[in-house]
*Asks:* 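Have a look at this one before I ask anything.
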Amino acid sequence: MQKIDDKTFYTETMARLLNNQGHHHRAAEIYRYLLEKAPDREDLKAALDDTEARIGQGTATWGDVSGVVARWVELMLRLRALKRLERLSIPRIAGDGPGAR
């Protein structure tokens with residue numbers, strides 16, 4: 001995520017949103033900024049402690065994600081092949097189909 005020098009969006013809501021999306025480092029940065037402005041806020045201190053505890057937990061590496069990406073690509077290729085098959089129109093032959101001998 002690109003760092004933005006404009007602190008307009010450095011709010012508790014933005015920090016919570018980033019935290020919920022797994023951007024713990026950015027959320028912690030915002031909580032630290034907010035604590036500089038209001039050092040007596042115990043709720044912000046608790047939120048920062050919680051966020052810092054999450055840093056490192058759930059950090060996915062490419063090795064963790066590569067299997068999911070490979071499966072997604074495989075399924076997309078199958079879907080593409082299925083759509084091509086659906087576009088084919090195969091004429092029916094008399095006597096072909098259910099009940100034919």
Side-chain angles (χ1 to χ4, degrees):
M1 185 177 280
Q2 184 179 5
K3 187 172 181 172
I4 301 170
D5 290 331
D6 181 15
K7 307 268 193 259
T8 303
F9 296 105
Y10 276 33
T11 64
E12 291 176 65
T13 302
M14 181 58 75
R16 272 193 310 271
L17 182 87
L18 289 167
N19 219 357
N20 290 339
Q21 292 177 347
H23 302 288
H24 307 301
H25 290 282
R26 286 292 315 269
E29 177 184 333
I30 293 173
Y31 282 129
R32 285 188 203 100
Y33 172 81
L34 294 172
L35 277 167
E36 286 177 15
K37 302 294 180 191
D40 57 326
R41 297 265 316 264
E42 294 299 322
D43 59 326
L44 292 177
K45 289 177 188 175
L48 177 60
D49 290 343
D50 178 59
T51 301
E52 288 177 335
R54 292 181 183 198
I55 292 175
Q57 297 175 356
T59 303
T61 63
W62 176 248
D64 299 333
V65 177
S66 64
V68 174
V69 172
R71 180 71 174 143
W72 179 79
V73 169
E74 176 189 348
L75 290 172
M76 292 305 294
L77 291 172
R78 286 184 179 191
L79 177 64
R80 183 176 172 192
L82 180 62
K83 288 188 181 226
R84 278 194 216 146
L85 287 173
E86 287 174 345
R87 285 188 296 213
L88 292 177
S89 62
I90 302 172
R92 293 210 173 248
I93 300 173
D96 190 18
R101 291 184 193 186

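We count residues from 1, following the sequence as given.
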*Asks:* Quick check: closest heavy atoms across Ile55 and His24, and the distance to 0.1 Å?
*Replies:*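 For Ile55 and His24, the tightest heavy-atom pair comes out as CG1-CB, 3.6 Å.
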*Asks:* Taking a hydrophobic cluster as the set of Ile, Leu, Val, Met, Phe, Trp and Tyr residues connected by side-chain heavy atoms closer than 4.5 Å, whether directly or through intermediates, do Val73 and Met76 fall within one such cluster?
*Replies:*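 Result: yes, single cluster for both.
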*Asks:* Going by the rule side-chain hydrogen bond (donor to acceptor under 3.5 Å, both in side chains), which residues pair with Asp50 if we only count those two or more places apart in sequence or in a different chain?
*Replies:*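 So Asp50 forms a side-chain hydrogen bond (donor to acceptor under 3.5 Å, both in side chains) with Arg54.
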*Asks:* Roughly how far, to the nearest 0.5 Å, is NE2 of His23 from CG of Leu17?
*Replies:*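 The distance works out to 8.5 Å.
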*Asks:* Taking atom CD of Glu29 and atom CG of Leu34, what is their separation to the nearest 0.5 Å?
*Replies:*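 Between Glu29 CD and Leu34 CG, I get 10.5 Å after rounding to 0.5 Å.
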*Asks:* Can you give me the closest heavy-atom contact between Ala27 and Asn19, atom names plus distance?
*Replies:*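 So the minimum-distance heavy-atom pair works out to CB-N, 3.8 Å.
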*Asks:* When rounded to the nearest 0.5 angstrom, what distance separates CZ in Arg32 from NZ in Lys45?
*Replies:*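 Those atoms lie 14.5 Å apart.
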*Asks:* Kindly compute the distance separating CD (Glu52) from NE2 (His25), expressed to the nearest 0.5 Å.
*Replies:*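 Glu52 atom CD to His25 atom NE2 measures 10.0 Å (nearest 0.5 Å).
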*Asks:* Quick one: CG on Leu18 to CD1 on Ile30, what's the gap to the nearest 0.5 Å?
*Replies:*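 The CD1 atom of Ile30 is 5.0 Å from CG of Leu18, to the nearest 0.5 Å.
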*Asks:* Flag the pair Arg41 and Glu12 as a salt bridge only when some basic side-chain nitrogen lies within less than 4.0 angstrom of an acidic carboxylate oxygen.
*Replies:*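 A salt bridge is present here (some side-chain N lies under 4.0 Å from a carboxylate O).
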*Asks:* Give every donor-acceptor pair under 3.5 Å between a side-chain atom in residues 77-88 and any protein atom, sequence neighbours left out.
*Replies:*
unit_1	atom_1	unit_2	atom_2	d
Arg78	NH2	Glu74	OE2	3.0

*Asks:* Can you measure from CG (Asp43) to OH (Tyr31) and round to the nearest 0.5 angstrom?
*Replies:*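 Between atom CG of Asp43 and atom OH of Tyr31 there are 9.0 Å.
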